[in-house]
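Notes for the one structure printed next.
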Amino acid sequence: MASSTLPSHLSSPPTASPNGPMLKTANLQLPLRTAKFEPKSIKIPSIKEICKQGNLKEAFQSLTNYFAGQNAAHCSSDEAYSWVLELCADKKALVEGRQIHAHIITSNGYLDSVFLRTKLVFMYGKCGAILDAKKLFDEMPRRTIFSWNAMIGAYVSTGQPWEALELYRDMRMLGVDVDARTFPCILKACGMVGDLKLGTEIHGYAFKSGCDSNGFVVNALVSMYAKCEDTVGARRLFDRMQERDDVVLWNSIVSAYSRDRKPIEALTIFREMQRSGVSMNTYTYVSALQACEEPSFRNLGMELHAAILKSNDQLHVYVANALLVMYARCGRMREAAQIYHIMVDKDSVSWNSMLSGFVQNGFYNEALQFFQESLVSGQKLDQASLISILGASSKLEKLLNGMEAHTFAIKTGLNADIQVANSLIDMYAKCGRVNYMEHVCRSMLDMDQISWTTAIAGYAQNNGHMKALDVFREAQAEGVEADAMMIGSVLLACTSLKLINHVKETHGYILKRGLADLVLNNTLVDAYGECSNIALASQMFEVIENKDVVSWTSMISAYVDAGLGTEAMKLFCSMKESGVEPDTVALISILSAAASLSALKKGKEVHGFLIRQGFILEGSLASSLVDMYARCGTPENSSKVFNLVKDKDTVLWTCMIHASGMHGNGKLATDLFNRMEMESVRPDHVTFLALLYACSHSGMTDEGQKYLEIMRCKYNIAPWPEHYACVVDLLGRANRLEEAYQFVKSMPIEPNAVVWSALLGACHVHSNRELGEIAARKLLSLEPENPGNYVLVSNMFAATGRWDAVEQVRELMRERGLKKSPACSWIEIRDEVHSFMARDKSHPQSDQIYEKLAQIIEVLKKEGGYTPQTKYALHNVEEEEKIKILYSHSERLAIAYALLESPEGAPIRVTKNLRVCGDCHAFIKLVSKFFDREIVVRDASRFHHFHQGNCSCGDFWE
DNA sequence: GTAGGGTTAG
């Protein structure tokens, strides 16, 4: 009955080779027939013995023989099946397992055997055929504890802990008694889902049922606690164990500490294990190596490496992988690669570890290259590979590589993996392709918290701030829990939109949900700062308990942005006093504070500090230094720094071009641009803005127009309104007002306030009332909230003598509750910054200053023929009053103070928040000549270097 | 009569 139903390829055709089992004594190659003829003279191995040898084919033959009645071994058919099924399970031989299953059914009568059914469940579970296992299990008329254990084990080994726990619950509900073999399985499931509460409950139950002293159960408990992040609980159990001769127990506790990132504890206990004489196995090495993941533990890692080599065993793939990962984590990709190359058995983990090692260590190009090479050699990719490769693509913003990976993911169906999809969202966001990102989101069946967060951040990073907030609302509507990361991105969006109320609302949400951490608190400081609410920013800053360098930098930047450079400087000092070391970002923001205050000395101090601290002159730091020196009136220092930088990027070139332009050196700016092109550095929008600005401030009208063309045609960069405004300014200065107006009208984009105010400025200088009125009307309708615009308009009317219109504009300002910012000049004398308002009498040395000013005017009138030009006093008052107003302009007070207090012949550097007026300009020229001082004035628009009666601006001063 | 625990990459 039974013999015929075994598949032919496994049962041997009688003619070809009637080979019964290969006989142990068969060195002589006895014809197999002898076994038949002399059955009693040779001991035939039992099915059990054959199965234990592990050869599937022989096992099948033996089974065939058994059913043919040719096997002398005494055992029941159940038993015979059982041994072969176990071998199938061990070899994960699903096909053969199914054949046995079929054979059992067709040969009848054995279906009811609970024993065999359980064996089959076990076999299917081991082979990963969970559905077959479940079907058999469900159809069982009767179950034993073995059946339950086999099914739970099947779920756990196929990575379905939830189902295992569910089954456990059913089992308990049905009142089935759990045994000592159930616990390890179910505890593993608890560890997998990280359910400490349930794990502890089961621990209690194990205690009650007396299983908690079983070695297997203890090990499983230690692992469960470790995986549920209760390392202390794991340790408590370990300490309670009297007998510590089980290597698994040691492995579990070492692994617990490694997992918890407690390398010192892990390695201490590892040493203890070595001392106690328990022999180590591969798991021990893997767990110990896992602990050495920081560069500071590299020596220990290398010691372990040496010990492993000395143990002379063949390098197990898990151990080799752990070594590879250890080196990669310690930043030693060279050593990692060496391991990789000598490995005989590589698996996908080895490959993925190399790949992610490259990515983690910032070798993105190497990662892509490794990926390409391995593709050629036929390496199979899985989700982990894709995640790494997508990470490298997004870091390098290599859209094509990212899309290649996307295509691969679609082909293999790996795009259905949520983590792969999340990496795709991030990659497209980082490559600036929001539409592709949206496509990925739409194609996802299910988005998790990370997907939503990544998408929100993606919009925020790509200027889609409103959309980011919309998506956040959508996520909340979907019932997605917001975490700190998500809120961080939301704050970023609110900040960019300067929506102070949204920031406050989000702040409330953070407090309500208890999400506040250092990162979010720092982001809040930044958000309030960006929304110009310095009071709330500072309040938030004060609340932070363990301020780190980011907290301090956020507050410093908030002050810098609010124009409170002095406060920023003070805070920088407090930060250093509190023992927090400034990083690059902190230095950049403090350099910006020094620049805004024109505090050259402070700026130089910072420069000195960063040299002493060994910061490398590159990137944003180099650009900030160039900018700081330029804005502190010493472009020669900018050049020095600029020349020292090895890799000059677009931003650095742009800063240097801007530095030249600011100081009226248009020729240098255009030379720099030509050099930049020769060195193949691609200019961007801002580069051209700096260049056009330089041209307009040096009267290079034709060059400026030429560069606008180069920008558009050669580089295919669409100009911003600011670029057009520069050209308007350029034409306006050359008194080509009508041309400027035509240019504005011919712009391909709608001219905005910046453009109109450029035209208005030109009308002011050249006293063109008609065009001025047109520009004024446009400007005030486009930006009615900006007080600066009213000042521009009123100055234009004042310059053309229309005092009635001046009065009307003032009235309008009052009605709308706007105030113009008062004129202010400041100067750094010794270590202090002194500021002066117009007609200011608040300075402690005020009397001396006015006395000095009177003396200066006396000298200039006598020696230099100075006469005040009252048309620059933009007030409708008597002539005499106008002269008084001019004489007490803030920059003159600052210069008088500098002449009083600074050493003979030292250069004087003044900064003013508004533009220098024509009369002051003439006045300062004369001071530079008759008092023999170099005077550098930085106004709202540019720098003026006064020297021996001349100014670097070539009188293009307005 | 059966079987069970510890390990790697993002």
Side-chain angles (χ1 to χ4, degrees), chain A residues 48 75-76 78-83 85-86 89-90 113-123 125-126 144-154 156-157 179-189 191 211 214-224 226-227 234 246-256 258-259 280-290 293 316-326 328-329 336 346-360 381-392 417-420 422-423 426 450:
Chain A
K48 178 178 174 182
C75 70
S76 71
D78 273 19
E79 212 174 320
Y81 281 131
S82 154
W83 290 118
L85 278 174
E86 210 160 293
D90 190 43
S113 160
V114 173
F115 172 66
L116 268 190
R117 274 184 179 268
T118 301
K119 264 284 177 240
L120 281 165
V121 170
F122 175 69
M123 181 278 294
K126 281 279 177 195
T144 63
I145 181 66
F146 290 96
S147 327
W148 288 95
N149 287 349
M151 195 59 224
I152 292 177
V156 172
S157 66
D179 76 357
R181 314 225 176 211
T182 319
F183 286 113
C185 235
I186 206 67
L187 286 167
K188 187 176 183 184
C211 293
N214 176 302
F216 284 106
V217 177
V218 173
N219 294 343
L221 279 167
V222 171
S223 294
M224 181 278 294
K227 282 191 183 150
D246 183 357
V247 62
V248 178
L249 180 68
W250 288 95
N251 290 347
S252 304
I253 192 71
V254 173
S255 153
S258 291
R259 172 190 299 277
M280 299 181 273
N281 63 15
T282 56
Y283 290 95
T284 322
Y285 289 125
V286 171
S287 299
L289 281 169
Q290 236 194 319
E293 62 166 25
H316 187 279
V317 62
Y318 272 92
V319 178
N321 286 344
L323 276 169
L324 200 161
V325 170
M326 182 272 293
R329 291 242 172 99
K346 293 182 183 94
D347 62 7
S348 66
V349 175
S350 334
W351 191 78
N352 284 336
S353 304
M354 275 304 283
L355 190 61
S356 83
F358 281 130
V359 175
Q360 280 161 9
L381 300 190
D382 61 10
Q383 44 266 67
S385 337
L386 276 172
I387 289 163
S388 290
I389 211 64
L390 286 168
D417 181 280
I418 199 153
Q419 295 185 68
V420 170
N422 290 347
S423 299
D426 189 52
I450 296 175

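Each chain gets a letter, A, B and so on, in the order its sequence line appears, and its residues count up from 1.
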Discussion item. Just verifying a value: how many Å separate A:M326 CE and A:S353 OG, rounded to the nearest 0.5 Å?
Written reply: 12.5 Å
Response to the item:
Regarding the side chain of A:Y318, the nearest nucleotide among B:dG4, B:dT8, B:dG1 is B:dT8
Discussion item. By nearest atom, which of the nucleotides B:dG4, B:dT2, B:dA9 is closest to the A:V349 side chain?
Written reply: B:dA9
Practice prompt. Select one nucleotide: of B:dT7, B:dT2, B:dA9, the one nearest the side-chain heavy atoms of A:D382.
Written response: B:dA9
Item to complete: Could you work out which one of B:dA9, B:dT8, B:dT2 sits closest to the side chain of A:E86?
Response: B:dT2
Worksheet item: Could you give the CZ-to-C1' distance, from A:F183 to B:dG6, as a whole number of Å?
Response: 19 Å
Worksheet entry | Flag for A:S388-A:S385: side-chain donor and acceptor within less than 3.5 Å | no
Worksheet, complete the sentence: Rounded to whole Å, CD1 of A:I145 lies from P of B:dG1 at a distance of 16 Å
Item to complete: Report the nucleotide, chosen from B:dG1, B:dA9, B:dT7, that has the shortest atom-to-atom distance to any side-chain atom of A:R259.
Response: B:dT7
Worksheet item: Under 4.0 Å between a side-chain N or O of A:K126 and OP1 or OP2 of B:dG4?
Response: yes
Worksheet, complete the sentence: A:L324 atom CG is separated from B:dT7 atom P, nearest whole Å, by 20 Å
Worksheet item: With sugar-phosphate meaning primed atoms plus P, OP1 and OP2, does A:N422 contact a base, only sugar-phosphate, or nothing at under 4.0 Å between heavy atoms?
Response: nothing
Response to the item:
Among B:dG6, B:dT2, B:dA9, the one nearest any side-chain atom of A:S353 is B:dA9
Item to complete: Let me know the distance between CE of A:M326 and P of B:dA9, rounded to the nearest Å.
Response: 13 Å
Discussion item. Just so I know, are the side chains of A:V114 and A:R117 near enough to count as touching, which here means a heavy-atom distance under 4.5 Å?
Written reply: no
Worksheet item: Which of these nucleotides, B:dA9, B:dG4, B:dT7, is closest to any side-chain atom of A:V325?
Response: B:dA9
Discussion item. Let's see if you can work this out: which of B:dG6, B:dA9, B:dT8 has an atom nearest to the side-chain heavy atoms of A:K188?
Written reply: B:dG6
Discussion item. Nearest whole Å is fine: how far is B:dG4 P from A:D90 CG?
Written reply: 10 Å
Response to the item:
Applying ring pair (Phe, Tyr, Trp, His ring centres under 6.0 Å) to A:Y283 and not counting sequence neighbours gives none
Worksheet item: Does A:R329 have a side-chain nitrogen or oxygen under 4.0 Å from the phosphate oxygens OP1 or OP2 of B:dA9?
Response: yes
Worksheet item: Where the side chain of A:S255 is concerned, which of B:dT2, B:dT7, B:dG4 is the nearest nucleotide?
Response: B:dT7
Fill in: Euclidean distance, atom CD of residue A:Q290 to atom C1' of B:dA9 [Å, nearest integer]
11 Å
Worksheet item: Between B:dT7 atom P and A:L289 atom CG, what is the distance in whole Å?
Response: 15 Å
Practice prompt. Could you pull out all residues at least two apart from A:V217 that satisfy side chain to side chain contact (heavy atoms under 4.5 Å, CB included)?
Written response: A:F183, A:P184, A:L187, A:A206, A:C211, A:N214, A:L221
Worksheet item: Counting side-chain heavy atoms from C-beta on, which of B:dG4, B:dG1, B:dG6 comes nearest to A:Y283?
Response: B:dG6
Worksheet item: So what does A:A384 touch, heavy atoms closer than 4.0 Å: a base, only the sugar-phosphate, or nothing?
Response: base
Worksheet item: Once you round it to whole Å, what is the distance between P of B:dT7 and NZ of A:K227?
Response: 4 Å
Fill in: Gap separating the OG atom of A:S255 from the CH2 atom of A:W250, nearest 0.5 angstrom
14.5 Å
